[in-house]
Protein chains: 2
Amino acid sequence: MYSILTMSTKKNVLDLHPYLRQTLDLIADKWVVAVLYVLSQNTRRYGELQREIGDISQRMLTRTLRDLERNGLVSRKVYLVVPPMVEYSLTPLGKTLNQVLKELCDWSTENFHDVEAARLSHDNSEQNRS
Amino acid sequence: MYSILTMSTKKNVLDLHPYLRQTLDLIADKWVVAVLYVLSQNTRRYGELQREIGDISQRMLTRTLRDLERNGLVSRKVYLVVPPMVEYSLTPLGKTLNQVLKELCDWSTENFHDVEAARLSHDNSEQNRS
DNA sequence: TGCTATACATACATATTTGTATGTATAGTA
DNA sequence: TACTATACATACAAATATGTATGTATAGCA
C-alpha cells in the first residue's frame with residue numbers, strides 16, 4: 001500500500017489499491033461488524049442475531065445478512081420446517097476478515113483515548129468554537 | 001474482542017468494545033482513507049491533496065481534513081503568506097492508524113478475489129435473480 | 001376457527017452524507 | 001484597474017442509508 005511515487009497522470013489515489021476501497025465499503029456500514037462479531041462466536045438463527053445485537057431493525061438485519069451472504073462472508077442454511085428455521089454462520093473467508101477486524105479493535109482499545117483527548121482539546125480551544 | 005460469553009441483559013453487542021464502532025466511524029467515510037494514504041507519503045498542501053486524490057470536491061476535502069485534525073490524526077500548519085499556504089501531515093497517532101489500514105489493505109489484496117467470485121456465483125444463481 | 005411462532009418482503013418516510021455553485025480575502029502582477 | 005493564486009466558507013440540492021409499519025406463509029394447538 002504505502003510504497004508510492006509520483007502520480008501525475010492518474011485520477012484517483014485509490015486506483016492503486018482498488019480493493020481497499022471495496023473492502024472498506026464492505027465493513028463500514030452500521031451493522032456488518034456487529035453481525036460478524038456475533039457470528040464469530042457461533043452459528044446463530046435469525047432471531048438470535050436480532051436479540052443479541054439488540055437495536056437492529058429487522059429490515060436492516062435481513063439486508064445485512066443478504067449482503068454478507070452475497071459477498072461470501074456468511075453462509076445461510078435453511079431448514080424446511082414450520083415455523084421456519086434459518087442458521088447463519090461465518091464462512092472461512094468471513095473468519096479471515098474477522099481477524100483483521102480484531103486488529104482494528106486492538107488499535108481502538110490502545111489508541112482511542114488519544115483520539116478523545118484530541119477532540120476535547122480541539123473543541124475547547126478558542127479558535128474552534130462555533 | 002472475540003472472547004465472549006452470554007449476554008442476556010445488554011442491549012447492543014458493540015457495547016463490549018465501544019471504541020471499535022467509533023474507530024470504524026472514523027475511517028469508514030468516503031475520503032478519509034484516501035487522505036491518510038496521500039499524507040502517509042509526505043506532507044502536502046491543500047491543493048496538492050486535491051489534485052492527487054483527483055475526484056474529491058473541495059467541500060469534502062475541507063471537511064475531511066477538519067475531522068482528521070479534530071481527531072488528532074492530522075496536523076495543520078498555516079503560513080501567513082499571500083496567497084495562503086497550509087501544510088497537512090500525519091500525527092504520530094495518524095501513523096499508527098495507517099499501519100492498521102495497511103493490514104486491511106493486505107487482506108483485501110489477498111482475499112478480495114474470493115469476494116468477487118462469491119458475488120458472481122451468487123448473482124448468477126437462479127434463486128437470486130430479480 | 002383463530003392464534004402462535006419464525007423469517008422474511010415491501011412500501012413509504014426520515015435522516016444522514018455528499019456534491020454543486022457561488023462567495024470571501026489579499027498581495028502581487030499586467 | 002482588473003485579474004491571478006490559494007485556501008477556504010456557506011447555502012442549497014441530490015443521493016444514499018436507515019427506520020417504521022404492515023403484510024405473507026404455514027403447521028400445530030386451544
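Every heavy atom of this structure was used, including side-chain atoms; hydrogens, water molecules and symmetry mates were not. Keep in mind that this is a model prediction, so the values were computed, not measured. Quick note on labels: first sequence line is chain A, next is B, and so on, each numbered from 1.
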J.: Each nucleotide N or O in nucleotides 13-19 of chain C that has a protein N or O under 3.5 Å away: list the pair and distance.
T.:
from	atom 1	to	atom 2	distance (Å)
C:dT18	OP1	B:K30	N	3.4
C:dG19	OP1	B:K30	NZ	2.8
C:dG19	OP2	B:W31	NE1	3.1
C:dG19	N7	B:R59	NH1	3.0
C:dG19	O6	B:R59	NE	3.0
C:dG19	O6	B:R59	NH2	3.3

J.: Could you walk me through whether A:L101 and A:I27 pass the side-chain contact (heavy atoms from CB on, under 4.5 Å) test, one step at a time?
T.: CA-CA 9 Å; A:L101 286 176; A:I27 61 171; 4.0 Å; yes
J.: Of all nucleotides in DNA chain D that come within under 4.0 Å of a heavy atom of chain A, which is furthest toward the 5' end and which toward the 3' end?
T.: D:dT18 to D:dA27
J.: Quantify the bending of the helix from C:dT1-D:dA30 to C:dA30-D:dT1 as the angle between its end axes, each fitted on five pairs, to 10°.
T.: 40°
J.: On a heavy-atom basis, which atom in A:S108 and which in B:T23 lie closest, and how many Å separate them?
T.: CB-OG1, 2.9 Å
J.: Can you tell me how far CG of A:L97 sits from OG of A:S40, rounded to the nearest 0.5 angstrom?
T.: 11.5 Å
J.: Which heavy atom in B:E48 sits nearest to a heavy atom in B:R44, and how many Å separate them?
T.: OE1-CA, 3.3 Å
J.: May I have the list of side-chain donor-acceptor pairs in residues 110-120 of chain B shorter than 3.5 Å, sequence neighbours left out?
T.:
from	atom 1	to	atom 2	distance (Å)
B:N111	ND2	B:W107	O	3.0
B:H113	ND1	B:E110	O	3.4
B:R119	NE	A:N71	OD1	2.6
B:R119	NH2	A:N71	OD1	3.2

J.: If I compare all heavy atoms of B:L26 with all of B:D29, which pair ends up nearest, and what's the gap?
T.: O-OD2, 4.1 Å
J.: Donor-acceptor check, side chain of B:Y37 to backbone of B:N98, threshold 3.5 angstrom: yes or no?
T.: no
J.: Determine whether more than 12 heavy atoms belonging to other residues, nucleotides or ligands lie under 6.0 Å from atom CZ of A:R63.
T.: no
J.: Taking side-chain hydrogen bond (donor to acceptor under 3.5 Å, both in side chains) as the test, write out the residues that go with A:T43, two or more places apart.
T.: none
J.: Restricting to non-hydrogen atoms, name the atom on B:R21 and the atom on A:K30 that form the minimum distance, rounded to 0.1 Å.
T.: NH1-O, 3.1 Å
J.: Looking at every non-hydrogen atom in both residues, tell me the closest pair between B:I56 and B:Q50 and how far apart they are.
T.: O-NE2, 4.1 Å
J.: For DNA chain C, determine which residues of residues 76-86 of chain A have any heavy atom closer than 4.0 angstrom to one of its atoms, and list them numerically.
T.: A:R76, A:P83, A:P84, A:M85, A:V86
J.: Would you please test B:T91 and B:S75 for side-chain hydrogen bond (donor to acceptor under 3.5 Å, both in side chains) and show each step?
T.: CA-CA 6 Å; B:T91 62; B:S75 68; over 6 Å; no
